[in-house]
Amino acid sequence: MNNCKIVLPEYVAKLLEHLDSKGCTGYLVGGCVRDALMGLPPQDYDIAAAASPEKLKRAFDGYRIVDTGARFGTLTVLVQEHSVEITSFRRDGTYTDGRHPDKVEFTNSLTEDLARRDFTVNAMAYRPDTGLIDPFHGKEALRHGILACVGDPYTRFSEDALRILRAMRFCSVLGFTADSRLVAAADKCSPLLHEISVQRIYSELVKFLCGKHVARVMRQFVKPLCTVIPPLEKAVGFDQKNPHHIYTVYDHIAATVEACPPRQLLRLTMLLHDIAKPYVMTEDANGVRHFRGHQERGAQMARQVLTDLGCDKRTIEKVCRLIRWHDLRPAADRISIHRYLLQVGYKDALLLTQIRRADLSAQAPAYHDQFSQIDATEKMIRLLQEEGAPADVSGLAVNGVDLIGIGIRPGPQIGCLLASLLDAVANGEVKNEKHALLQKAVTLQT
Ligand code: ATP
Ligand code: MG
């Protein structure tokens, strides 16, 4: 046995013992081995077993199982609150559609099973009694932080182009440097991404975007990214020729994605926030470029991009709103911020401060004094929030019934009156207190 030892949770060790007792030798494979060797807590445990799918199923008779992947020999076993995927050793047949093997064959060879896996760091297996099994030198690659395909990258990406996005994701999230042959093959095989379902693309894309190293990877894998987000292509190398900017639109976008907190919503917003710039650009007599209306146009383009990627409606609406508003710069005084809150609401206002910081950090340093303005804006938003300042009519200390109670006729004018009261509160003309508001309502009526 080699000297590699991975500490396993008890339920995993028990599953391996159970497999042994049924004559099916099981090995931990894939991401959990990789993560454990990197000192990271594995997200989930996958097991590959030397047993046919039927034998596996019999071995787990009486267990809670889901056999959604039965066709591919995968069984999901539910133990306590965990689910573990157990897959028969497999060898993939030829791929003619760039997505799925034409047929899946089961094999007794662990090495063959590891050979069908995407990257060398994902093609290691482990058992407590045998230690690490690493025919493709994944551990060495891990030590050097290198992501390389198992076998010829061009062949592997031609078989399943999703692997290109998986490569980008592993580099972005785990900080690997992609091997140069992998990068070249990813570039060449990018058009095959058109064959991949948008659900698979979207799910990899958002994980990729949330990685710590996303900017570097965006700059390295320009073609695959522009293949899944076609309007991004014009941003590549697009000189902004504007004193605020030191980067091309694409490089600015890449820097802003990485600069904002790793939340899907924010990172999608940054990815698409300036997408319309090359489409609306005008150049003045001094050769300075302007991008009037890129916020609104960007929101429209983002809607199309996200719809095409099968993104859920709620996320689309939120991203589009944030893009439309990403350049709003209210003054930080109480009245300006309260008025701003009536437009965008508290939740978006706070998100927009994070977006503005990320945006500013990727602009010319000469303008970085604006960070203090953003800080002041955030401070005022939080102060108003603490005070319970209303951002919409539901936060007013009076409602329609109160207004009717003082003799105002029911009907649409009630809504208008509440909106006017809200305005008056935001403008500092009246306090958000019942008595004061009712008095104000009377004066507004006459
Ligand atoms: P994580 O769970 O952290 O996202 P992972 O490496 O475990 O990463 P999974 O999608 O859970 O990724 O896949 C488990 C393993 O299956 C991988 O480590 C890899 O060995 C193999 N694998 C997954 N998808 C592919 C693919 N498209 N082509 C080849 N092998 C794959
Ligand atoms: Mg996994």
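Note that ligands are numbered from 1 as they come in the structure, with each ligand's atoms numbered from 1 the same way. Hydrogens, waters and symmetry mates are skipped; everything else that's a heavy atom, side chains included, is used.
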Student: Identify the closest protein heavy atom to atom 23 (C) of ligand 1: which residue and atom is it, and at what distance?
Tutor: R166 NH2, 3.1 Å
Student: How far is atom 14 (C) of ligand 1 from its nearest protein heavy atom, and which residue and atom name does that atom have?
Tutor: D46 OD2, 3.5 Å
Student: When you check the side-chain N and O atoms of D102 and T94, is any donor under 3.5 Å from an acceptor?
Tutor: yes
Student: For residues D359 and H252, is any side-chain donor paired with an opposing acceptor at under 3.5 Å?
Tutor: yes
Student: Tell me whether the NZ or CZ atom of R169 lies within the 45° cone about the ring axis of F208 and under 6.0 Å from its centre.
Tutor: no
Student: Inspect the surroundings of CD in Q220 and state if more than 12 heavy atoms from other residues, nucleotides or ligands are less than 6.0 Å away.
Tutor: yes
Student: Looking only at side chains, do R34 and N122 share a donor and an acceptor under 3.5 Å apart?
Tutor: yes
Student: Can you tell me which residue and heavy atom of the protein come closest to atom 20 (O) of ligand 1, and the distance to 0.1 Å?
Tutor: N122 O, 2.9 Å
Student: For ring-ring contact (aromatic ring centres under 6.0 Å, His included), just list the numbers for H213 and F176, CA-CA rounded to whole Å, side-chain angles, deciding distance to a tenth of an Å, and then say yes or no.
Tutor: CA-CA 9 Å; H213 307 272; F176 291 119; 9.6 Å; no
Student: Any nitrogen or oxygen of G31, main chain or side chain, under 3.5 Å from a nitrogen or oxygen of ligand 1?
Tutor: yes
Student: For ligand 1, is any non-hydrogen atom under 4.0 Å from D118's backbone (N, CA, C, O), its side chain (CB onward), both, or neither?
Tutor: both
Student: I'd like to know whether ligand 1 has F170 as a neighbour, heavy-atom separation below 4.0 Å.
Tutor: yes
Student: Is NZ or CZ of K188 both nearer than 6.0 Å to the six-membered ring centre of F157 and within 45° of the ring axis?
Tutor: no
Student: Look at ligand 1 and say whether R34 reaches it with a heavy atom at a distance under 4.0 Å.
Tutor: yes
Student: Any idea which protein heavy atom is nearest atom 2 (O) of ligand 1, and the distance to it?
Tutor: D44 OD1, 3.9 Å
Student: Could you say whether the N/O atoms of K207 and ligand 1 ever approach to under 3.5 Å?
Tutor: no
Student: For G30, take its heavy atoms, then give the atoms of ligand 1 lying under 4.0 Å from any of them.
Tutor: 18 (O)
Student: Counting heavy atoms only, which part of R116 comes closer than 4.0 Å to ligand 1: side chain, backbone, both or neither?
Tutor: backbone
Student: Please report whether ligand 1 has a polar contact with R156, defined as an N or O pair separated by less than 3.5 Å (distance criterion only).
Tutor: no
Student: Could you pull out the closest heavy-atom pair between T307 and R303, with the gap in Å?
Tutor: OG1-O, 2.5 Å
Student: Looking only at protein heavy atoms, which one is nearest to atom 27 (N) of ligand 1, and what is the separation?
Tutor: D160 OD2, 2.9 Å
Student: Looking only at atom types and distance, does a side-chain atom of R156 sit under 3.5 Å from a main-chain N or O of R116, one as donor and one as acceptor?
Tutor: yes
Student: Among M124, R117, R163, which one has a heavy atom closest to atom 26 (C) of ligand 1?
Tutor: R163
Student: Looking at ligand 1, does E159 have a heavy atom less than 4.0 Å from it?
Tutor: no
Student: Examine R169 against ligand 1 and note whether any of their N/O atoms are separated by less than 3.5 Å.
Tutor: yes
Student: Can you find an N or O of Q43 that's nearer than 3.5 Å to an N or O of ligand 1?
Tutor: no
Student: Side chains of H326 and H294: is there a donor and an acceptor less than 3.5 Å apart?
Tutor: yes
Student: For residues L75 and L56, report the shortest heavy-atom separation together with the two atoms involved.
Tutor: CD2-O, 3.8 Å
